[in-house]
Asker: 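Sharing a structure, written as structure tokens. Questions coming.
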Amino acid sequence: MRLLLAALLAALAAVGGALAPGGRALAEPAKPDLKVGFVPGPYEDAFKAGVEPTLRGQGYRVRTLHFSTGLEVNAAVHRGEVDANVMQHSVYLKAYNDRNGTDLVGIVQVPTPPMGLYSRQHRTLAGVTRGATVAVPSDPVNLERALKILRDLGWVTLRPNGNPVDVTELDVIGNPAGIRLVPLEAAQAPRVLDDVDFAAIQGNFALFSGLKLSEALALETMTSPYVNVVAVRKDAAETPWARDIASAYRSDAFKAAIRADRFYDGFTLPDYFQ
């Protein structure tokens, strides 16, 4: 009998089966292998801390993949090479879809660090003088976020623009601080801190480079459309595995993992944390 039981357990393990509390066998998911893509930043660590264990407990085999840019990982999801990615907010996602004719959708929001204004040349915002250089993202969606930080500081005034994908430097219609904007690719911003007076840096790139949110001289006021999401193809949004990913993020285990780690202090948390 013991040999028969051992053989049965080995067979269950070989096909990726698991046992629920009380010894009840769990069925393997219809899609047992999940591939999730990430760019540099804090999102993979959060996933591994509070989401991946839940998915593995449900029988999924989870693999994380790394990409240099959001364009690359979005293309991978669109082509079906990756099932989901975690790296972008809904405004950027819509802009990407509109520009590339794709149909990616967000299925759940995730804790997101805000964009901040950082400096190695100045310890306070009082250090701004006429001609001071401020690095800002070159893509329109994140340029708008940076310009709103500068607007809220009183450094610039902006033309009303209801479409963030159309924002350019020409939307700056007043520059009372006399600053000079330096547009560059968002991931490069931490690397130019020694060369500019200030830099508006997205939260994920700031943290990845070793900066702390508490070191920012100013942080954006982040609204819901700019909280990052898990993105999948539209035709996969209602699949059991996509619902399981969303449920794992909303789980008590994930919320407890985030709240227990001081690293996430200052992150904007999705509404399901309330």
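Atoms considered below: every heavy atom in the structure, side chains included; atoms not considered: hydrogens, waters and symmetry mates.
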Asker: Are T69 and V39 side-chain neighbours, meaning at least one heavy-atom pair lies under 4.5 Å?
Answerer: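 No. Closest side-chain heavy atoms not under 4.5 Å.
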
Asker: Return the CG to CG distance between L34 and L55, rounded to the nearest 0.5 Å.
Answerer: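 Separation between the atoms: 6.0 Å.
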
Asker: For the backbone of T221 and the side chain of T223, can you confirm whether one donor and one acceptor N or O come within less than 3.5 Å of each other?
Answerer: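 The answer is no, because no donor-acceptor pair under 3.5 Å joins these two groups.
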
Asker: Does the side chain of I245 reach to within under 4.5 Å of the side chain of V232, using non-hydrogen atoms?
Answerer: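 Of all side-chain heavy-atom pairs linking V232 with I245, none is under 4.5 Å.
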
Asker: Check side-chain hydrogen bond (donor to acceptor under 3.5 Å, both in side chains) between Q202 and all other residues, then give those that pass, not counting sequence neighbours.
Answerer: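 So Q202 forms a side-chain hydrogen bond (donor to acceptor under 3.5 Å, both in side chains) with N142.
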
Asker: Apply side chain to side chain contact (heavy atoms under 4.5 Å, CB included) to L184 and V192, showing your working.
Answerer: CA-CA 10 Å; L184 45 76; V192 302; 3.8 Å; yes

Asker: Considering non-hydrogen atoms only, spot the tightest contact between D235 and T239 and give its length.
Answerer: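 Closest heavy-atom pair between D235 and T239: O-CG2, 4.2 Å.
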
Asker: Going from CG on D45 to CD on E52, what distance comes out if it is rounded to the nearest 0.5 angstrom?
Answerer: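 Reported to 0.5 Å precision, the distance equals 11.0 Å.
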
Asker: Between N204 and P42, is any pair of side-chain heavy atoms under 4.5 Å apart?
Answerer: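 Touching, per the 4.5 Å side-chain cut-off.
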
Asker: Quick one: does E185's side chain have a donor or acceptor within less than 3.5 Å of a partner on S138's backbone?
Answerer: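 Side chain of E185 to backbone of S138: no pair is present.
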
Asker: Is there a donor-acceptor pair under 3.5 Å between the side chain of R243 and the backbone N or O of E238?
Answerer: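 Indeed, once roles are kept as given, a pair shorter than 3.5 Å links the two residues.
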
Asker: Within a radius of less than 6.0 Å around NZ of K94, do more than 12 heavy atoms belonging to other residues, nucleotides or ligands occur?
Answerer: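 At most 12 heavy atoms, drawn from other residues, nucleotides or ligands, come within 6.0 Å of this atom.
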
Asker: Relative to the ring of F273, is the ring of F254 parallel (under 30°), tilted (30 to 60°) or perpendicular (over 60°)?
Answerer: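 Ring orientation, 0 to 90° scale: perpendicular.
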
Asker: For residues L217 and L181: do they belong to one hydrophobic cluster (side chain heavy atoms under 4.5 Å, members Ile, Leu, Val, Met, Phe, Trp, Tyr)?
Answerer: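 Yes, L217 and L181 fall within the same hydrophobic cluster.
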
Asker: Any chance CG of D252 has more than 12 other-residue heavy atoms, nucleotides or ligands included, within less than 6.0 Å?
Answerer: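 Counting neighbours around CG of D252, 12 or fewer heavy atoms of other residues, nucleotides or ligands fall under 6.0 Å, so no.
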
Asker: What are the two closest non-hydrogen atoms of A242 and A236, and how far apart are they?
Answerer: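 Closest pair (atom of A242, atom of A236, distance): CB-O, 3.2 Å.
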
Asker: I'd like to know if K35 and D83 make a salt bridge, using a cut-off of under 4.0 Å between side-chain N and carboxylate O.
Answerer: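 Looking at K35 and D83, the cut-off is not met.
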
Asker: To the nearest 0.5 Å, how far apart are NZ in K31 and CZ in R61?
Answerer: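 If we round to the nearest 0.5 Å, K31:NZ and R61:CZ are 10.5 Å apart.
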
Asker: For a quick test of your reading: what N or O donor-acceptor pairs under 3.5 Å do the side chains of residues 101-109 make, sequence neighbours left out?
Answerer:
residue: T102; atom: OG1; partner: N97; partner atom: OD1; Å: 2.6
residue: Q109; atom: NE2; partner: S224; partner atom: O; Å: 3.2
residue: Q109; atom: NE2; partner: S224; partner atom: OG; Å: 3.1

Asker: Can you find a heavy atom in the side chain of D33 that is under 4.5 Å from one in the side chain of R63?
Answerer: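 No; the side chains remain at least 4.5 Å from each other.
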
Asker: Give the C-alpha distance, both sets of side-chain angles, the deciding distance and a yes or no for side chain to side chain contact (heavy atoms under 4.5 Å, CB included) between Y96 and L71.
Answerer: CA-CA 8 Å; Y96 178 86; L71 296 177; 3.8 Å; yes

Asker: Using the test side-chain hydrogen bond (donor to acceptor under 3.5 Å, both in side chains), find all partners of N74 that sit at least two apart in sequence or belong to another chain.
Answerer: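 Applying side-chain hydrogen bond (donor to acceptor under 3.5 Å, both in side chains) to N74 gives N85, Q88.
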
Asker: With sequence neighbours left out, which residue pairs that include part of residues 71-95 fulfil the ring pair (Phe, Tyr, Trp, His ring centres under 6.0 Å) condition?
Answerer: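 Qualifying pairs, neighbours excluded: H89-Y226.
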
Asker: Does M87 belong to the same Ile/Leu/Val/Met/Phe/Trp/Tyr cluster as L269, with side-chain heavy atoms less than 4.5 Å apart forming each link?
Answerer: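 Looking at the clustering, L269 is in a separate group from M87.
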
Asker: Could you state the interatomic distance from CD1 (I149) to CG (L219), rounded to the nearest 0.5 Å?
Answerer: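 The CD1 atom of I149 sits 7.5 Å away from the CG atom of L219.
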
Asker: Can V73 be reached from L207 by stepping across I, L, V, M, F, W or Y side chains whose heavy atoms are under 4.5 Å apart?
Answerer: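 No, no single cluster joins them.
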
Asker: When the ring centroid of F67 is compared with that of F38, is the distance short of 6.0 Å?
Answerer: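 No, the ring of F67 stays outside the 6.0 Å limit from the ring of F38, centre to centre.
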
Asker: Return yes if a side-chain donor-acceptor contact under 3.5 Å exists between Y60 and D244, otherwise no.
Answerer: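 Looking only at side-chain atoms, D244 and Y60 do form a donor-acceptor pair, the distance falling under 3.5 Å.
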
Asker: How would you list all residue pairs meeting side-chain hydrogen bond (donor to acceptor under 3.5 Å, both in side chains) that involve residues 124-135, not counting sequence neighbours?
Answerer: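 Non-adjacent pairs meeting side-chain hydrogen bond (donor to acceptor under 3.5 Å, both in side chains): T133-D197.
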
Asker: Looking at every heavy atom in both A253 and T54, which two are closest together, and how far apart are they?
Answerer: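 Closest heavy-atom pair between A253 and T54: CB-OG1, 4.4 Å.
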
Asker: Can you list every pair that meets ring pair (Phe, Tyr, Trp, His ring centres under 6.0 Å) and has a residue in residues 123-143, with sequence neighbours left out?
Answerer: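 Listed by first then second residue: nothing to list.
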
Asker: Could I get the full list of ring pair (Phe, Tyr, Trp, His ring centres under 6.0 Å) partners for Y43, not counting sequence neighbours?
Answerer: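 If we apply the ring pair (Phe, Tyr, Trp, His ring centres under 6.0 Å) test to Y43, skipping adjacent residues, there are no hits.
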
Asker: Is the CZ atom of R123 crowded by more than 12 outside heavy atoms at less than 6.0 Å?
Answerer: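 No, because the 6.0 Å sphere around CZ of R123 holds 12 heavy atoms or fewer from other groups.
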
Asker: State whether the side chain of D261 and the backbone N or O of Y264 hold a donor-acceptor pair below 3.5 Å, judged by distance alone.
Answerer: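 Not a single qualifying donor-acceptor pair exists.
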
Asker: Kindly indicate whether the side chain of D171, heavy atoms from C-beta on, has any atom under 4.5 Å from the side chain of L143.
Answerer: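 Answer no - side chains too far apart.
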
Asker: To the closest 0.5 Å, what do you measure between CD1 (I258) and NZ (K255)?
Answerer: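 The CD1 atom of I258 sits 12.0 Å away from the NZ atom of K255.
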
Asker: I'd like to check the salt bridge (charged side-chain N to carboxylate O under 4.0 Å, His left out) partners of D139; sequence neighbours left out, ordered by chain and number.
Answerer: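 With neighbours one apart ignored, the set is empty.
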
Asker: Are any of the side-chain heavy atoms of M115 and I201 separated by less than 4.5 Å?
Answerer: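 No; the side chains remain at least 4.5 Å from each other.
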
Asker: Check for me, please, whether V229 and W241 land in the same ILVMFWY cluster - side-chain distances under 4.5 Å, paths through other members count.
Answerer: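 Each belongs to a different hydrophobic cluster.
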
Asker: Tell me whether L117 is reachable from L158 by hopping between hydrophobic residues (I, L, V, M, F, W, Y) whose side-chain heavy atoms are closer than 4.5 Å.
Answerer: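 Result: yes, single cluster for both.
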
Asker: Identify, with sequence neighbours excluded, every residue that meets side-chain hydrogen bond (donor to acceptor under 3.5 Å, both in side chains) alongside E44.
Answerer: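 For E44, the residues satisfying side-chain hydrogen bond (donor to acceptor under 3.5 Å, both in side chains) (neighbours in sequence not counted) are T64, H66.
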
Asker: Can you check side chain to side chain contact (heavy atoms under 4.5 Å, CB included) on V86 and N228, steps first, answer last?
Answerer: CA-CA 7 Å; V86 190; N228 281 12; 5.7 Å; no

Asker: Can you see which heavy atom on F198 is nearest to which on S119, and at what distance?
Answerer: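 Smallest interatomic distance, heavy atoms only, reads CD2-CB, 3.7 Å.
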
Asker: What side-chain donor-acceptor pairs closer than 3.5 Å can you find for residues 150-157, not counting sequence neighbours?
Answerer:
residue: T157; atom: OG1; partner: G174; partner atom: N; Å: 3.0

Asker: Could you check if a side-chain atom of V182 sits within less than 4.5 angstrom of a side-chain atom of V136, using non-hydrogen atoms only?
Answerer: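 Not in contact.
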
Asker: Using a 4.5 Å cut-off on heavy atoms from C-beta on, say whether the side chain of L65 contacts that of V36.
Answerer: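 Heavy-atom side-chain distance check fails, nothing below 4.5 Å.
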
Asker: So which heavy atom on V51 is nearest to which on A248, and how close?
Answerer: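 For V51 and A248, the tightest heavy-atom pair comes out as CG1-CB, 3.7 Å.
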
Asker: Under the side chain to side chain contact (heavy atoms under 4.5 Å, CB included) criterion, do R145 and L147 qualify, and how do the steps go?
Answerer: CA-CA 6 Å; R145 297 169 65 192; L147 292 179; over 6 Å; no

Asker: Does E215 reach the main-chain N or O of K212 with its side chain, forming a donor-acceptor pair under 3.5 Å?
Answerer: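 Flag set: sc E215 to bb K212 pair under 3.5 Å.
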
Asker: In Å and rounded to the nearest 0.5 Å, what is the CG to CG distance from D195 to L193?
Answerer: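 Answer rounded to 0.5 Å: 9.0 Å.
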
Asker: With sequence neighbours left out, what residues match F263 under ring pair (Phe, Tyr, Trp, His ring centres under 6.0 Å)?
Answerer: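 Partners of F263 by the ring pair (Phe, Tyr, Trp, His ring centres under 6.0 Å) criterion, ordered by chain and then number, come out as F267.
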
Asker: So which heavy atom on P137 is nearest to which on A200, and how close?
Answerer: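 Smallest heavy-atom distance, with atoms named: CD-O, 4.0 Å.
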
Asker: Per the side-chain hydrogen bond (donor to acceptor under 3.5 Å, both in side chains) rule, what does the pair list look like for residues 265-274, sequence neighbours excluded?
Answerer: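 Residue pairs passing side-chain hydrogen bond (donor to acceptor under 3.5 Å, both in side chains), neighbours aside: R262-D265.
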
